[in-house]
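Order of the sequence lines sets the chain letters (A, B, ...), proteins ahead of strands, with each chain counted from 1.
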Amino acid sequence: MTTPSHLERLNPEQRAAIETTEGPLLVLAGAGTGKTRVLTTRFAHILLSHRAKSWQVLTVTFTNKAAREMRERITSILGEPAEGLWLGTFHSICARMLRRHAEYVGLTSNFLILDTDDQLRLIKQVVQPWRIDVKRWPLNGLMGIIQRWKDRGLTPDTISPADNTDYADGHARAIYAAYQARLRELNVCDFGDLMLHVVEILRTRPDVLTQYQRLFRYILVDEYQDTNTIQYLWLRLLARREGEPANICCVGDDDQSIYSWRGAEVENILRFEKDFPGAKIVRLERNYRSTAQILGAAAGLIAHNEGRLGKTLRPGRDDAQGDLVHIVGVWDSDAEAREVCSRIERLRRDDHPLGEFAILVRAGFQTRAFEERLVQTGIPYRIVGGLRFYERAEIRDAIAYMRVLVNPADDLAFERVVNVPKRGVGTAALQKMHVEARGQHASLSVALAFLLKSGGFRGKAAEKLNAFQECFETQRALLAKEGHVVAVGNLLEESGYLGMWRDDKAPDAPGRLENLKELIRALADFSTLSEFLEHVSLVMESEGTNEDQKVSIMTLHGAKGLEFDTVFLPGWEEGVFPSQRTLDESGDKGVEEERRLAYVGITRARYRATILHAANRRIYANWQESMPSRFLDELPDEYVDREGETATRQARQDYSGIFRTSVFSDDVTSSMSPLVARRRSSVNDELAANTSKIEIGSRVFHQKFGYGVVVDADRGSAEVVFEKAGSKRVMASYLQPASE
DNA sequence: AGTAAGCCATTTTTT
DNA sequence: ATGGCTTACT
């Protein structure tokens, strides 16, 4: 018997994970063990073996990226796009379901999905009657609490006293109720509602539930360790046929659970066998990504966690022998950046492509030192996971314009743009509209129209608001005739929005205009504006990832699922990693999650991993001595090379000890022991800083303010007269000498 | 209604 | 130290 082509070159465990199609199955897939391959092949196998049609398989992921990749790979296995797939993120699939049955939860099928800005604006309004002291209880916190409740599937009336909080003087539950009521009135949903409402429907409408249970003959779930309670409830409702647990296959790795702080419950994966009686478990432990040393180090580290399902990564590659994992102790964050950069340069000279380097940090503030050094050294880099395309102010504004164009009654969007660009609408004018709208039980747009007619506004404001109203009406009329691309283009032009950015003197204004052009271009990919807006609210993706050869800087969280030849892991110090905040808030549980994060970090590397820790680090304002991370001690000695680390380790116990200096260094201070370095550092660091190039009268460039001329300079900062942004005092380290 | 001064927090992020 | 946000002036 011949093996079908899609099952070729799989190891026995992978094959078991694919061919065990019936009944509940948990696939414990360690890092780099071919998880995505198993998921996609399993899908194809179900189809090719005629167990189900493509629309009878439900496949859920967490990110759009994962969903897209899976779709592509399934298409390539099958040789053609599969029909009517239920493949997407939890949220996009729930949105699809909710549009079908919206009326069961008091919505209509054209409900709108809110972004975070809208949510906050709404909470702000809803909270008014309680006169909450927002200093003491920031609204962000309130939103967080409501979100967490939603993650756990709690509605205002199912929150037990034990679940309630002191937040907002104990009014959180009542505010939640008011917020939900308001959402319903507006016929809108936040992200949490997409899951919450669907679960509500499945629970209260047996006919609907049965319909889906019959439809989905197979269910595939990616990253199961990241599911929260409501997602788990949703899956458990769907994964049942004639009272029996259905063919649900969850893939995940308890060792890579790093999102408990946003509601993920590792318990879900740990409890799988109990939740789904008769479940089988397949472990994928052969790693095809990393060297034996990297795997050994990672395995040794994660072994310190308790309550694991248990899994040991084994090298699966023939060329698995490689370098030891390097641990490097440095003086401070600048030395750390220098050390990393000099190592990158060394490898770069040996033709290692820049795209194969990653610097993985615990928190955003760590990136600064690396950026500075990379700029100085002239190594191209990219910060991954900064602000995403659809989160930029100009994009959100433009989208709000589109929303009002589609639906004049979209008050949240209306409010966002009514005074952008400035039309002389302040809190007073807005208040007037709100009062009018409430009085008439109508939208702000209707209220504005009424006020304009009845002379509620005078002078410049009236004129501008009139024009504002009119350009919507004109383009709305044009929408059908000319199409949405033209209408939106006109709208942004005639409302003065594009002009606002054209007149803006800030150096980032041209970039914003560029983004807006990009957005208008993207409109053409959709046949209607509503379709585009649905895409935007669910698939908040950034523009095409440029495949330039650049060093990637990103957070450990952001790196999950990625891999690089060479990985640098800086900042392994107590308080930074594990982070102090996690230590304080979550204690031992927190340490375990941080350790998993460390495990994720190490296992990103194919060939080389270098871990760094600094003896001193600036926290907010002042310098602090820092202790090497406890995780360093947990790495098994046989897989690591501790350069200059013995010294720092000893320093922790005895500051009068004798230290050894590392021989492996381009830069004297970078990897020497802390105490030796301390004596030299003040001199060296100042020489190293680029302040020497920043002299009075020299022309400089600043990322944010653009070009300018230095009029005054001292050690750390300089007064610069910028061409466009005027005179500012800025940190010298943010300045580069202008080349022209 | 727009600007200056004070106040606070400041990990991680997707949908 | 810094930036973001609210409050208090002009």
Side-chain angles (χ1 to χ4, degrees), chain A residues 60-67 88-95 113-116 119-120 124 133-136 138-141 144 147 150-151 189-196 222-223 226-228 230-231 257-264 360-368 384-388 390-391 419 422-430 459-461 534-542 554-561 571 575-586 590 593-594 596-598 600-601 618-623 704 716-717 728-731 733-734:
Chain A
V60 247
T61 63
F62 271 86
T63 63
N64 291 301
K65 192 172 159 224
T89 61
F90 278 97
H91 296 272
S92 69
I93 286 171
C94 279
I113 300 162
L114 299 188
D115 64 27
T116 16
Q119 283 179 52
L120 202 61
K124 225 180 231 167
D133 178 4
V134 289
K135 276 225 155 110
R136 189 139 169 248
L139 298 180
N140 283 335
Q147 258 169 36
K150 290 186 176 181
D151 287 344
C189 270
D190 64 19
F191 277 107
D193 285 343
L194 294 173
M195 301 285 329
L196 201 61
D222 191 17
E223 306 278 18
D226 288 338
T227 50
N228 60 32
I230 189 84
Q231 288 158 342
S257 159
I258 54 175
Y259 285 113
S260 74
W261 50 272
R262 67 175 196 211
L360 308 182
V361 297
R362 175 62 182 85
F365 70 84
Q366 291 173 260
T367 61
R368 179 202 281 200
V384 182
L387 24 138
R388 279 157 301 175
Y390 287 104
E391 278 174 358
N419 201 34
K422 300 258 184 295
R423 298 189 180 88
V425 179
T427 39
L430 202 58
K460 270 249 163 81
E534 169 82 0
H535 169 85
V536 165
S537 51
L538 282 172
V539 189
M540 290 281 206
E541 283 178 273
S542 45
M554 64 181 98
T555 63
L556 288 160
H557 284 92
K560 191 166 127 196
V576 175
F577 191 36
S579 106
Q580 192 56 49
R581 185 128 169 205
T582 302
L583 256 32
D584 295 343
E585 284 173 5
S586 314
E593 181 148 319
E594 296 279 302
R596 292 194 288 267
L597 201 48
V600 167
R618 191 164 47 188
I619 310 284
Y620 311 134
N622 39 355
W623 287 91
K704 197 161 155 201
S717 68
K728 306 243 186 243
R729 182 154 277 277
V730 296
M731 299 281 291
S733 54
Y734 281 119

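Among the heavy atoms of the strands, none lies under 4.0 Å from V576(A).
For H91(A) and dT15(B), the NE2 to C1' distance is 4 Å, given to the nearest whole Å. The distance between atom CD of E534(A) and atom P of dT15(B), rounded to the nearest whole Å, is 14 Å. Rounded to a whole Å, the CD atom of Q147(A) is 15 Å from the P atom of dT13(B). Taking atom CG of residue D115(A) and atom C1' of nucleotide dT14(B), one finds them 14 Å apart after rounding to whole Å. One atom, CZ of F62(A), and another, P of dT13(B), lie 16 Å apart when rounded to the nearest Å. Rounded to whole Å, atom P of dT13(B) lies 16 Å from atom CG of N140(A). As a whole-Å value, the separation of I619(A) CD1 from dT2(C) C1' is 15 Å. Q231(A) has its CD atom 14 Å from the P atom of dT14(B), to the nearest Å.
By the ring pair (Phe, Tyr, Trp, His ring centres under 6.0 Å) test, F365(A) is found to be paired with no residue, residues two or more places apart in sequence or in another chain being considered.
When atom types are taken as modelled, the side chain of E594(A) and the backbone of S579(A) share a donor-acceptor pair closer than 3.5 angstrom. D151(A) places no side-chain N or O within donor-acceptor distance of the main-chain N or O of N228(A), the cut-off being under 3.5 Å. Of the possible donor and acceptor atoms, none in the side chain of R362(A) sits under 3.5 Å from a partner among the backbone N and O of V576(A). Remark: the backbone N or O of T582(A) is not paired with any side-chain donor or acceptor of E585(A) at under 3.5 angstrom.
Distance check on atom P: dT13(B) versus dT2(C) gives 23 Å, rounded to whole Å.
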Measure all distances between protein nitrogen or oxygen atoms and nitrogen or oxygen atoms of nucleotides 8-10 of chain C, and list the pairs falling under 3.5 Å.
none

Just the atom pairs and distances: protein N or O near nucleotides 8-12 of chain B's N or O, under 3.5 Å.
{"unit_1": "dT10(B)", "atom_1": "OP2", "unit_2": "R581(A)", "atom_2": "NH1", "d": "3.0"}
{"unit_1": "dT11(B)", "atom_1": "OP1", "unit_2": "R581(A)", "atom_2": "NH1", "d": "2.2"}
{"unit_1": "dT11(B)", "atom_1": "O2", "unit_2": "R362(A)", "atom_2": "NH1", "d": "2.9"}
{"unit_1": "dT11(B)", "atom_1": "O2", "unit_2": "R362(A)", "atom_2": "NH2", "d": "2.3"}
{"unit_1": "dT11(B)", "atom_1": "N3", "unit_2": "T582(A)", "atom_2": "OG1", "d": "3.4"}
{"unit_1": "dT11(B)", "atom_1": "O4", "unit_2": "E585(A)", "atom_2": "OE1", "d": "3.4"}
{"unit_1": "dT12(B)", "atom_1": "OP1", "unit_2": "G364(A)", "atom_2": "N", "d": "2.7"}
{"unit_1": "dT12(B)", "atom_1": "O4'", "unit_2": "R362(A)", "atom_2": "NH1", "d": "3.2"}
{"unit_1": "dT12(B)", "atom_1": "O2", "unit_2": "W261(A)", "atom_2": "NE1", "d": "3.4"}
{"unit_1": "dT12(B)", "atom_1": "O2", "unit_2": "R362(A)", "atom_2": "NH2", "d": "3.1"}

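Distance check, rounded to the nearest 0.5 Å: CD of Q366(A) to CG of L360(A) gives 10.5 Å. To the nearest 0.5 Å, the span separating CD1 on I113(A) from CD on Q119(A) amounts to 11.5 Å.
The phosphate of dT14(B) (OP1 or OP2) has no side-chain N or O of N64(A) nearer than 4.0 angstrom.
Side-chain proximity of R262(A) to dT14(B), dG2(B), dT15(B): nearest is dT14(B).
A donor-acceptor contact closer than 3.5 angstrom links the side chains of Q580(A) and D584(A).
Aromatic ring pairs are classed by plane angle as parallel below 30°, tilted from 30° to 60° and perpendicular above 60°; the pair W261(A) and H557(A) is perpendicular.
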